[in-house]
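Computed from a predicted model, the values in this text were never measured in an experiment. Only this structure's heavy atoms are used, side chains among them; waters, hydrogens and symmetry mates stay out.
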Amino acid sequence: MPEQNVWAVRCDDPDAKVLSWSKPQIIGQEVIINKPTVLQSGEWLLPIAVWDKEMWQGKLSSETDCRPFVYKSNDNGKTFRKLGGPEVDNRSYDEHMVL
């Protein structure tokens, strides 16, 4: 597993006088550069990429799928599910986003 993961905490009542935060949770492996997109349905889409294996210098297993992914939450960020992503030849550092 990579040494980097995408972590999240939530504030369920951002207008409260005293903010309270959820416990930190890992959403997925690797890196997020762009912001999540919230759909009209309330679903959250989050772009997370696992970058090229060569940059990890043997730290990834041979089964690790290195590509850009989209994760989805149906419960305001309490849980996320990996949806998938495109397979692109000759890529290394993704900065993908959901439009």
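- For S41, the side chain to side chain donor-acceptor pair (under 3.5 Å) partners are E43, not counting sequence neighbours.
- For V98, the side chain to side chain contact (heavy atoms under 4.5 Å, CB included) partners are T37, L45, V70, not counting sequence neighbours.
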Check residues 11-24 and write down every donor-acceptor pair under 3.5 Å in which the side-chain atom is one partner and the other belongs to a residue at least two apart or another chain.
unit_1, atom_1, unit_2, atom_2, d
D12, OD1, R10, NE, 3.1
D12, OD2, R10, NH2, 3.4
S22, OG, R10, N, 2.8

Show me the side-chain donor-acceptor pairs of residues 76-88 shorter than 3.5 Å, one per line, residues at least two apart or across chains.
unit_1, atom_1, unit_2, atom_2, d
T79, OG1, D75, OD1, 3.4
T79, OG1, D75, OD2, 2.7

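- Counting only heavy atoms from C-beta outward, the side chains of I27 and I48 approach each other to under 4.5 Å.
- Judged by distance alone, the side chain of H96 and the main-chain N or O of A49 form no donor-acceptor pair under 3.5 Å.
- Closest non-hydrogen pair, P36 versus P47, comes out as CA-CD, 4.5 Å.
- Taken together through direct or relayed side-chain contacts under 4.5 Å among Ile, Leu, Val, Met, Phe, Trp and Tyr, V38 and Y71 form part of one hydrophobic cluster.
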